[in-house]
Number of protein chains: 2
Amino acid sequence: MAKRAHSVQRREESLSRERIVEASIQLLDSSGEEGLTFRALSERLSTGPGAIYWHIANKSDLLTAACDAVVARTINETIVARTPEATIRAVALGLFDVIDEHPWVGSALTSVPGLSPIVRILERIGQQIRALGVPEEQQWAAVGALMAYILGVSRQNAANGQLARTRGLDRADFLDAVSTAWSQLDPKEYPFARSVAGKIRDHDDRVDFLAGIDLILRGIGSPRRRLRP
Amino acid sequence: MAKRAHSVQRREESLSRERIVEASIQLLDSSGEEGLTFRALSERLSTGPGAIYWHIANKSDLLTAACDAVVARTINETIVARTPEATIRAVALGLFDVIDEHPWVGSALTSVPGLSPIVRILERIGQQIRALGVPEEQQWAAVGALMAYILGVSRQNAANGQLARTRGLDRADFLDAVSTAWSQLDPKEYPFARSVAGKIRDHDDRVDFLAGIDLILRGIGSPRRRLRP
DNA sequence: CGTTATTGTGGAATGACATTCCATTTATGT
DNA sequence: ACATAAATGGAATGTCATTCCACAATAACG
């Protein structure tokens with residue numbers, strides 16, 4: 001389908017994969033993951049569901065395409081910093097922020113492993129790990145850990161944000177709720193949870209996120225004590 | 001609803017939250033996340049959907065309950081090992097394996113943060129971090145990083161397994177597909193992905209997972225060089 | 001310039017799903 | 001026995017992704 005080998009647009013205001021993906025991104029951003037329905041999409045594009053299916057295989061395909069478009073933008077925009085560590089931090093923070101802004105990206109990333117968006121990220125981080133001088137047999141573990149951490153935390157962070165929004169709480173109220181819930185746990189069974197309950201209330205997710213990145217980077221550099229030249 | 005203050009079961013073979021949750025777990029395990037429908041559930045329990053709604057608020061509630069049940073089992077079963085690091089590894093591996101066996105647990109964990117299953121895990125790991133002598137102001141970062149890593153990787157691993165099963169590939173074929181896809185990427189744009197493509201083919205997910213855990217543990221112990229007494 | 005394939009469109013139809021409603025049935029306290 | 005509350009199960013509702021198909025616009029060819 002859609003073989004337009006050497007042909008121009010068939011109709012002036014015609015449908016196209018790009019137009020559909022763009023509309024999907026807008027829909028996802030404004031109404032969240034559940035806001036992307038074929039009904040809403042066809043209304044926005046003033047057409048029928050059938051026409052959309054001519055350009056796109058199914059909803060999952062659509063989600064992947066939207067996800068790829070957004071990730072590709074960020075990964076390419078991220079500025080290259082001075083040191084490999086700084087670059088990794090920048091890439092990580094960039095992803096954290098995109099996923100925070102487009103929470104649906106988090107969920108979509110899991111579904112198609114080994115493909116576009118994931119590979120882009122892998123490549124970017126992998127090059128920095130190489131630049132750090134990590135021996136080749138340890139590179140895979142290092143990149144794997146970083147990616148899992150970055151995607152895992154960003155995703156969870158985005159999910160929390162969405163949950164709070166859904167329940168009509170703002171961030172402060174939400175954290176307050178969690179904090180009080182934890183501090184009311186049984187002191188014998190949950191001493192640790194109680195002890196950190198207070199810290200939850202006014203923590204900065206981005207700071208915590210970066211702290212974790214540094215932790216992993218330190219672990220990567222640690223055995224050879226080679227973190228900085 | 002369901003106030004049974006000082007009453008016994010009303011009917012012999014009656015419905016109950018537990019029976020419903022148990023059936024849901026079986027259904028989820030046998031037919032995956034999409035296999036849990038109220039239709040299938042009411043058939044298995046030989047009742048109607050309405051009866052189920054008397055005991056359970058909605059599907060999300062049901063999923064959370066099932067998730068909690070499974071996680072609680074594992075967390076409590078996990079043996080306490082000699083050192084805190086070993087215990088953390090054991091807990092981590094335990095979770096990795098449960099999520100691998102019940103892939104739906106991974107997805108369900110994200111949806112209700114700050115509540116039961118998450119807190120159980122947090123507590124368990126937190127206690128070990130304390131035992132490691134990590135200063136209190138760094139405990140939150142350490143536990144957060146570990147949890148994000150454990151849940152993130154386990155989840156992705158389970159998702160991969162499911163994806164492979166859905167597409168009717170076995171693990172080897174799947175890895176092979178990814179590996180060849182990566183090795184056919186543009187060498188200029190994707191040098192790193194190409195370089196690790198080969199390693200993908202015969203790697204052990206559990207080993208990689210533990211390598212990441214060790215990386216983080218090393219990072220936690222590193223600044224004070226206190227990993228082992 | 002007209003005819004015919006091909007490529008695209010959009011609306012109606014299908015079947016699965018979560019959830020709600022409500023007329024009944026069952027147990028418990030009086 | 002009888003009243004009341006707890007439970008039940010099946011039918012009804014509305015939304016969703018996806019498929020189907022009659023049709024329109026374009027290109028390809030004579």
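The sequence lines fix the lettering, A, B, ..., with proteins before strands; numbering per chain opens at 1.
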May I ask you to list the residues of residues 25-40 of chain A, by number, that have any heavy atom positioned under 4.0 Å from an atom of DNA chain D?
A:Leu36, A:Thr37, A:Phe38, A:Arg39
With a 4.0 Å cut-off, would you call A:Asp186 and A:Arg194 a salt bridge?
no
A:Gln26 side chain to A:Arg44 side chain, donor-acceptor N/O pair below 3.5 angstrom:
yes
Quick one: is B:Trp54 getting a side-chain N or O under 4.0 Å of the D:dA7 phosphate, OP1 or OP2?
yes
Rounding to a whole Å, what distance do you find between A:Asp61:CG and D:dA17:C1'?
14 Å
Could you check how far CG of B:Leu62 sits from P of C:dC17, rounded to whole Å?
15 Å
Tell me every residue that passes salt bridge (Lys or Arg N to Asp or Glu O under 4.0 Å) with A:Asp97, counting only those two or more places apart in sequence or in another chain.
A:Arg206
Do B:Arg73 and B:Glu22 sit within salt-bridge range, that is, some charged N less than 4.0 Å from a carboxylate O?
yes
Can you confirm whether or not the ring centre of B:Tyr149 sits under 6.0 Å from the ring centre of A:Tyr149?
no
Can you check the A:Leu41 CG to D:dC16 C1' distance for me, whole Å?
14 Å
Pair A:Arg165 + A:Asp170, salt bridge at N-O below 4.0 Å
no
Run the salt-bridge test on B:Asp176 and B:Arg171 with the 4.0 Å N-O cut-off and return the result as yes or no.
no
Just the rounded figure in Å: distance from P of C:dC17 to NZ of B:Lys59.
8 Å
How many Å lie between CG on A:Leu45 and P on C:dG11, as a whole number?
13 Å
If we ignore hydrogens and angles and just use 3.5 Å, is the side chain of A:Ser195 paired with the main-chain N or O of A:Phe192 as donor and acceptor?
yes
Whole-Å distance, B:Ile20 CD1 to D:dA7 P, equals 11 Å
Return no unless some side-chain N or O of B:His55 is found under 4.0 Å from OP1 or OP2 of D:dA6.
no
Considering only nitrogen or oxygen atoms on both sides, find all protein atoms under 3.5 Å from nucleotides 20-24 of chain C and state each distance.
none

Rounded interatomic separation in angstrom, taking CZ from A:Arg19 and C1' from C:dT9:
13 Å
Output, in order, the C-alpha distance, side-chain angles, deciding distance and verdict of side chain to side chain contact (heavy atoms under 4.5 Å, CB included) for A:Glu123 and B:Leu185.
CA-CA 11 Å; A:Glu123 182 62 36; B:Leu185 290 167; over 6 Å; no
